[in-house]
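Structure record follows, encoded as C-alpha cells.
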Amino acid sequence: MNFHYQYKKQFQQALVQWFIREKRDLPWRHTHDPYKIWVSEVMLQQTRVDTVIPYYNRFIEEFPTPEDLAQAPEEKLLKQWEGLGYYSRARNLQAGVREVVEKYSSTVPDNRPEIIKLKGVGPYTAGAILSIAYNKAEHAVDGNVMRVLSRVLLIKEDIALPKTKKIFEQAVMELIDPAYPSEFNQGLMELGALICTPTSPKCLLCPVREFCTAFQEGRPEELPIKTKKTKMKDLFYDVFVVQNEKKKFLLEKRPGKGLLANMWQFPMVEKSTTPSEGFLADSYNVDLVSRERLLSFKHIFSHLTWNMESYYLKVEQNGKPTESSVWFTEEEIKALPLPVPMQKIWAAWKETEAKHKHA
DNA sequence: AAGTCGGGGCA
DNA sequence: TGCCCAGACTT
C-alpha cells in the first residue's frame with residue numbers, strides 16, 4: 001500500500017489526538033508494567049472490556065508480580081479465572097510468565113522474536129505488549145483493527161481467512177505513527193469499540209471520517225467481509241447434585257485437556273444411554289434415598305450446546321468409594337473452580353435447600 | 001485452512 | 001437466533 005505522506009501524517013495526528021482526548025479510563029491504563037499489560041491483553045482476548053475489569057482488578061491484587069503468578073497453584077489460578085471462559089488462556093499465561101521468570105529474570109522481553117515464543121502470546125498480544133508497554137512501533141491487529149481499517153482503506157478481503165490478517169499487519173506497519181505507537185494502536189482499537197462499531201457506526205462522530213474510503217463511498221456498515229459458518233452440536237446431559245449421609249457432595253474433575261479442562265463439575269451422564277440414575281448409583285456404589293428435580297436449561301458454548309437437566313439426589317454409601325468419586329463439604333466447594341453451568345445448578349440446589357429449612 | 005476453546009451482550 | 005468480542009493453539 002502506498003500512502004501519501006500528508007495523508008499518513010494527518011491520519012496519525014487525527015487518530016492519536018482523538019485517543020488522547022477521548023480514551024476511556026481503564027484499570028490497565030494506569031500502568032506501564034509489561035506484566036500487567038500482558039495480563040490485561042490475555043483477558044481481553046475475545047472478551048469485552050466491561051467483563052474484564054473486575055477480573056483484572058482481582059487478579060492483579062492476588063498476583064501483583066510475575067513471581068506471584070508463577071508460584072500459584074493451578075486451582076487458585078482457575079478460581080480467579082472462573083466465569084471468564086477460555087480457561088486455557090489462564091494456564092498459558094502462567095506458563096508464559098514462568099518462562100519469563102526463569103529465562104529472562106522476570107523481565108518481559110521487549111522484542112517480537114522473543115516475546116512471541118512465550119506461551120499464549122500470539123501475533124496480536126505480542127504487538128499489544130510491545131507497543132503499549134514498551135512504545136515500540138509494532139502492529140497489533142485484532143478484530144477492531146480489521147474492522148476499522150477495512151472501512152478506512154476499503155479492504156474487501158475475507159477476514160475469516162488467516163492470510164487476510166497479513167494485509168492488515170502490513171497496513172498498520174506503514175501507517176503507524178513512529179512517535180506514538182502506543183496511542184496509535186490503542187486509538188485504532190478504541191475507535192472500533194466506541195465509534196467504528198460492527199453495526200450502525202457513528203461516522204458523524206469519527207475523528208478520521210475524512211480519511212475513510214468506505215464513508216465517502218457510503219456503506220461502511222457493509223465492511224468487513226466475513227464468511228464463516230458455525231455448525232453447532234447439541235449434547236444432552238443429566239446432572240446430579242449427590243449428597244451422602246455425611247452431608248458431603250460428589251464432584252468430578254474434568255480431564256486436563258479439552259473443554260473446561262481441569263474444572264470441577266457435578267456428575268454428568270449423557271442422556272439416552274442407560275437410565276442415568278442407575279448408571280450413577282452403580283458407578284459410585286451408592287443407594288438412592290430421595291430424588292428431587294432441580295433446574296433445566298441450555299448452556300451455549302462457541303461450537304456446541306449443553307442441554308442440561310439437573311437433580312438433587314440423597315444417597316447412602318453401600319460399598320467403598322470408587323476412585324473417581326471425591327466428596328466435598330459445602331464449604332470446600334467454595335474453593336473449587338466451577339464452570340458457569342455448574343454454578344447455576346449449585347445455586348439452584350442452595351435455593352431449594354433454603355426453602356426446605358424454612359418449611 | 002479448519003476446528004477447538006467460554007461466556008455474555010445486543011440487534 | 002446469529003454475530004461479535006483487545007485471539008491462540010492444535011491438527
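Letters A, B, ... mirror the listed sequences (proteins, then strands); counts begin at 1.
Going from the P atom of dT11(C) to that of dG6(B) covers 15 Å, rounded to whole Å. Look at the P atom in both dA6(C) and dC5(B): the space between them is 23 Å, to the nearest Å.
For Thr47(A) against dG6(B), a side-chain N or O and a base N or O form a donor-acceptor pair under 3.5 Å.
Counting to the nearest Å, the P atom of dA1(B) and the CG atom of Asp158(A) are 10 Å from each other. Put simply, NZ on Lys165(A) is 10 Å from P on dG7(C), counting in whole angstrom units. Taking atom CE of residue Met146(A) and atom P of nucleotide dA6(C), one finds them 11 Å apart after rounding to whole Å. Between Leu260(A) atom CG and dT4(B) atom P the separation is 15 Å, expressed in whole Å. Between the CG atom of Leu194(A) and the P atom of dC5(C) there is a distance of 14 Å, given to the nearest Å. Taking atom CG on Leu304(A) and atom P on dC5(B), their separation rounds to 7 Å, with Å as the unit. Here dA2(B) presents its P atom at 7 Å from CG of Leu161(A), a figure rounded to the nearest Å. In this structure, the CD atom of Glu221(A) is 17 Å from the P atom of dC3(C), given to the nearest Å.
Note on Thr125(A): only backbone sugar-phosphate atoms sit closer than 4.0 angstrom, heavy atoms only; bases stay farther off. Residue Val145(A) is out of contact with every strand shown, counting any heavy-atom pair closer than 4.0 Å. Heavy atoms of Arg147(A) sit under 4.0 angstrom from primed sugar atoms or phosphate atoms, though from no base atom. Counting any heavy atom pair closer than 4.0 Å across all strands shown, Arg29(A) reaches a base atom. The residue Pro341(A) sits close only to the backbone: its heavy atoms come under 4.0 Å of sugar-phosphate atoms, none of a base.
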Trace of the side-chain contact (heavy atoms from CB on, under 4.5 Å) decision for Tyr124(A) with Val145(A): CA-CA 10 Å; Tyr124(A) 164 76; Val145(A) 173; over 6 Å; no
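In Glu351(A), the CD atom is not crowded: 12 or fewer heavy atoms of neighbouring residues, nucleotides or ligands sit closer than 6.0 Å. The number of heavy atoms from other shown groups lying within 6.0 Å of CZ (Arg219(A)) does not exceed 12. Atom CD of Gln13(A) has 12 or fewer heavy atoms from other residues, nucleotides or ligands within 6.0 Å.
Picking from dA8(C), dT4(B), dA6(C) the nucleotide with the shortest atom distance to the side chain of Leu44(A) gives dA6(C). Of the candidate nucleotides dC5(B), dT4(B), dA6(C), dC5(B) has the atom lying nearest to any side-chain atom of Ser302(A). Considering only the side chain of Thr199(A), dA11(B) comes nearest among dA11(B), dG6(B), dA8(C). Among dA6(C), dG8(B), dG6(B), the nucleotide with an atom closest to any side-chain atom of Tyr124(A) is dA6(C). Side-chain atoms of Phe301(A) lie closest to dG7(B) of the nucleotides dC4(C), dG7(B), dA8(C). When each of dC5(B), dA6(C), dC9(C) is scored by its nearest atom to the side-chain atoms of His303(A), the top-ranked nucleotide is dC5(B).
Distances shorter than 4.0 Å separate none of the side-chain N or O atoms of His299(A) from OP1 or OP2 on dG6(B). OP1 or OP2 of dA6(C) sits under 4.0 Å from a side-chain N or O of Asn144(A). For Gln46(A), a side-chain nitrogen or oxygen approaches OP1 or OP2 of dG7(C) to under 4.0 Å.
Aromatic ring pairs are classed by plane angle as parallel below 30°, tilted from 30° to 60° and perpendicular above 60°; the pair Phe3(A) and Tyr7(A) is parallel. Taking the six-membered ring for Trp and thresholds of 30 and 60 degrees, Tyr56(A) and Trp28(A) have ring planes more than 60 degrees apart, a perpendicular arrangement.
Summary of the strand contacts: Arg48(A) and Lys119(A) both lie near DNA chain C, and taking for each the nucleotide with the nearest heavy atom, the more 5' one is attributed to Arg48(A). Comparing Leu259(A) and Lys163(A) by the nucleotide of DNA chain B that holds the closest heavy atom to each, the one mapping nearer the 5' end is Lys163(A). Comparing Val121(A) and Leu26(A) by the nucleotide of DNA chain C that holds the closest heavy atom to each, the one mapping nearer the 5' end is Leu26(A).
The distance from the CD atom of Glu138(A) to the CD1 atom of Ile176(A) is 8.0 Å, given to the nearest 0.5 Å.
Salt-bridge annotation for Glu353(A) and Lys350(A): absent, with no side-chain N of the basic residue lying under 4.0 Å from a carboxylate O of the acidic one.
Contacts between residues 50-88 of chain A and DNA chain B, defined by a heavy-atom separation below 4.0 Å, involve Gly83(A), Leu84(A), Gly85(A), Tyr86(A), Tyr87(A), listed by number.
Looking at heavy atoms from C-beta onward, Leu77(A) lies out of side-chain contact with Pro337(A) at the 4.5 angstrom threshold.
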